[in-house]
Novice: 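One structure, as structure tokens, below. Some questions next.
In this text, all values refer to a predicted model and were calculated from it rather than measured experimentally.
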Protein chains: 2
Amino acid sequence: MTQLQRRKIPDAAIARLPVYLQILNNLAATNVLRFSSDELAALAGVNAAKVRKDLSYLGSYGTRGVGYEVSYLTHQIKRELGLMREWNVVVVGAGNLGCALAKFDGFLSRGFPVIAIVDNDPKKIGRTTSSLTVGDVKDLKNIVRDEKISIGVITTSSAASQAAADALVEAGITSILNFAPVVLSTPSSVSVRSVDLGVELQILSYFEQMRLETGGKSENAPQLNTVGAR
Amino acid sequence: MTQLQRRKIPDAAIARLPVYLQILNNLAATNVLRFSSDELAALAGVNAAKVRKDLSYLGSYGTRGVGYEVSYLTHQIKRELGLMREWNVVVVGAGNLGCALAKFDGFLSRGFPVIAIVDNDPKKIGRTTSSLTVGDVKDLKNIVRDEKISIGVITTSSAASQAAADALVEAGITSILNFAPVVLSTPSSVSVRSVDLGVELQILSYFEQMRLETGGKSENAPQLNTVGAR
DNA sequence: TTGACTTAGTGAATTAATGCACTAAGCCCT
DNA sequence: AGGGCTTAGTGCATTAATTCACTAAGTCAA
């Protein structure tokens, strides 16, 4: 291990740092230089104590009586999250969603350029979508090596998703973002995050149903967006 | 309030029920009739006690020494999540992502047909994408009423997302799935879930970065997909 | 019928996350 | 120089979630 022991940041806090970062970017864009934990809390829709505690995991970067500096804290969060550099992405699965994500600004603008897209369907391989040509999933290993790709995004059918994950792991990828509604099995050294859009809607329908059953009485009323960990 | 007091199910459990449901669907598709908490736990990648506790919130639907019946439990989960019916969806924002989601099977197949898509850009209004014609966001209220729409999906730019949310709320929508990287402000009676794809990648990059810094030593090693609540 | 075995259900301990409320620092005004 | 004001940092109580480990119920074979 190197000199500096990396602080152990609670999972829940890690998931909030990107949200804070996004807000700080907006503040910077409007020339705000400083903010207090109260202000950030209001913008992020969380408790101010939580903001302070979350930020304290990064170090002691605020000034009492004053607040935090937007640019400095932005820097610190980016450093902590590994965002001082770009991370190249490959999309596996050139269907609707895959192609949409390949074009999606949101990835590039946050530092995750989609460098390649692959599929296993000969009918799709060779097609071009927004400056990317769909490659063959068989070449994944070479592509990952040559293009220095760090993150794989799975947008295949559920049926194909495990094979896609296997291919990514085989190609040396250690971070996977999975959109197929499947619990992937991967070595424990690989980080997997699954975004199942169906699940999101089903959680919403739970609250919608609850509203109907309780006649909208706010007692056991629907919650904010605080449900569910992954 | 009606007769039957609805059980209070912990948030964390609610978020897992859709995952169990998905697995049960797969089991049913392969003609499995019964399963034990251990089996489901293995498939879902969680602890067996957690599975039993989660399922116990629904009622006492297992048989000791035997397990749970796939079809019966499927029914119970669907009932609890409000999935005995379909919920119509409108997509606001006819960009890449919006159009892809409008076509996306995953919504329809899970009981959430996308009935309408709207935008505020005259250049997009009137275009047809997979049997849907892009409508004017100004007509949202009528569309929601006429098409009996329950859920709104926001796929606009961040800049436009709050206006989209306001329009949905104004149109009477009480459940919103937001893809814009913005913390929306809505009445507390409205359920909002935000899926920020950038955030997902940034969480992955945190672990990727950690791997680099610790030389991949598995000690403070990257985690499974258990980070982060919303 | 009995006894060995399996597995759901759950009380209780543990761990993680949250949020209050206090303390410590710094700014600014007089 | 000092006092009032603001706000970060944090110990601690509370709440939520997880997991253990036991108990209760059932099956099945002899």
Side-chain angles (χ1 to χ4, degrees), chain A residues 7-17 19-20 24 27 32-70 72-74 76-77 80 203 220 223-230, chain B residues 7-17 19-20 24 27 32-70 72-74 76-77 80 203 220 223-230:
Chain A
R7 236 172 292 264
K8 168 61 189 157
I9 303 184
D11 285 354
I14 290 169
R16 282 186 298 264
L17 289 178
V19 176
Y20 300 153
L24 294 194
L27 290 179
V32 174
L33 298 180
R34 279 212 287 252
F35 65 96
S36 68
S37 58
D38 275 310
E39 288 162 350
L40 179 53
L43 292 170
V46 302
N47 181 294
K50 192 187 283 182
V51 167
R52 290 196 297 274
K53 192 153 286 187
D54 287 346
L55 297 184
S56 77
Y57 297 125
L58 303 175
S60 199
Y61 298 137
T63 308
R64 295 174 191 221
V66 179
Y68 303 86
E69 223 178 299
V70 172
Y72 188 57
L73 204 71
T74 298
Q76 293 302 333
I77 294 180
E80 190 69 35
I203 293 171
N220 31 6
Q223 310 295 11
L224 41 162
N225 41 347
T226 334
V227 174
R230 280 173 300 148
Chain B
R7 236 172 293 264
K8 169 61 189 158
I9 303 184
D11 284 354
I14 289 168
R16 283 187 297 265
L17 290 177
V19 176
Y20 299 153
L24 294 194
L27 290 178
V32 174
L33 299 180
R34 278 209 289 250
F35 65 95
S36 68
S37 58
D38 276 311
E39 287 162 350
L40 180 53
L43 292 170
V46 301
N47 181 293
K50 192 186 281 183
V51 166
R52 290 197 296 276
K53 191 149 282 188
D54 286 346
L55 297 183
S56 77
Y57 296 125
L58 303 174
S60 197
Y61 296 137
T63 307
R64 294 173 193 222
V66 179
Y68 304 86
E69 223 178 296
V70 172
Y72 188 58
L73 203 72
T74 298
Q76 293 302 333
I77 294 179
E80 191 69 34
I203 293 172
N220 35 2
Q223 309 296 8
L224 39 163
N225 41 346
T226 333
V227 175
R230 277 172 304 148

Novice: Would you give the length of the straight line joining atom CD1 of B/Ile203 to atom CZ of A/Arg16, rounded to the nearest 0.5 angstrom?
Specialist: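 Between B/Ile203 CD1 and A/Arg16 CZ, I get 11.0 Å after rounding to 0.5 Å.
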Novice: Using heavy-atom distances to pick each residue's nearest nucleotide on DNA chain D, tell me which of B/Val46 and B/Arg34 is more 5'.
Specialist: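 In this pair, the answer is B/Val46.
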Novice: Whole angstroms only, please: what is the CD-C1' distance between B/Glu69 and D/dG26?
Specialist: 15 Å
Novice: In residues 35-44 of chain A, which ones come under 4.0 Å of DNA chain C, going by heavy atoms?
Specialist: none
Novice: Please report the distance, rounded to the nearest Å, between CG in A/Leu73 and P in D/dA8.
Specialist: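 Rounded to the whole Å, the gap is 11 Å.
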Novice: Round to a whole Å and report the spacing from NZ of B/Lys50 to P of D/dA16.
Specialist: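 These atoms are roughly 17 Å apart.
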Novice: Within the modelled atom types, does a donor on one side and an acceptor on the other bring the side chain of B/Arg52 and the base of C/dG9 under 3.5 Å apart?
Specialist: yes
Novice: To the nearest angstrom, how far is B/Leu55 atom CG from C/dT10 atom P?
Specialist: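 In whole Å, C/dT10 P lies 12 Å from B/Leu55 CG.
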Novice: Choose from C/dA25, C/dT18, D/dA25 the nucleotide whose nearest atom is closest to any side-chain atom of B/Arg64.
Specialist: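 Closest of the options to the side chain of B/Arg64: D/dA25.
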Novice: When rounded to the nearest 0.5 angstrom, what is the spacing between CG in A/Asp54 and OH in A/Tyr20?
Specialist: 3.5 Å
Novice: Measure the distance from OH on A/Tyr61 to P on C/dG26 and round it to the nearest whole Å.
Specialist: 16 Å
Novice: Heavy atoms, side chains only, cut-off 4.5 Å: are B/Leu24 and B/Phe35 in contact?
Specialist: yes
Novice: Tell me which nucleotide among C/dC20, D/dT7, C/dT7 gets nearest to the side chain of A/Asn47.
Specialist: C/dC20
Novice: Is the phosphate of C/dG9, meaning OP1 or OP2, less than 4.0 Å from a side-chain N or O of B/Tyr68?
Specialist: yes
Novice: How would you label the contact of A/Gly62 with the nucleic acid (heavy atoms, under 4.0 Å): base, sugar-phosphate, or nothing?
Specialist: sugar-phosphate
Novice: Can you find a donor-acceptor pair, distance only, under 3.5 Å between A/Lys53 side chain and C/dG19 base?
Specialist: yes
Novice: For B/Tyr72 and B/Tyr61, take the angle between the two ring planes, folded into 0 to 90°, and tell me which bin it lands in: parallel under 30, tilted 30 to 60, perpendicular over 60.
Specialist: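 Geometry flag for B/Tyr61 against B/Tyr72: perpendicular rings.
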Novice: Got a second to check how far B/Thr74's OG1 is from B/Leu27's CG, nearest 0.5 Å?
Specialist: 8.0 Å
Novice: Roughly how many Å is it from CG in B/Asp54 to C1' in D/dA16, rounded to a whole number?
Specialist: 13 Å
Novice: Would A/Leu17 and A/Leu58 satisfy side chain to side chain contact (heavy atoms under 4.5 Å, CB included), going step by step from the backbone distance to the final call?
Specialist: CA-CA 10 Å; A/Leu17 289 178; A/Leu58 303 175; 4.0 Å; yes
Novice: Could you state the atom-to-atom distance from CG of B/Leu33 to P of D/dT27 in whole Å?
Specialist: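 Rounded to the whole Å, the gap is 16 Å.
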Novice: Under 4.0 Å between a side-chain N or O of B/Ser56 and OP1 or OP2 of C/dG9?
Specialist: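 No.
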Novice: Tell me the closest heavy-atom pair linking A/Gly62 and A/Tyr68, and the distance in Å.
Specialist: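 Taking A/Gly62 first and A/Tyr68 second, the nearest heavy atoms are CA-CD2, 3.4 Å.
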Novice: Looking at C/dA17, C/dG19, D/dT19, which one has an atom nearest to any side-chain atom of A/Asp11?
Specialist: C/dA17
Novice: Grab the CD1-C1' distance between A/Ile14 and C/dA17 for me, whole Å please.
Specialist: 13 Å
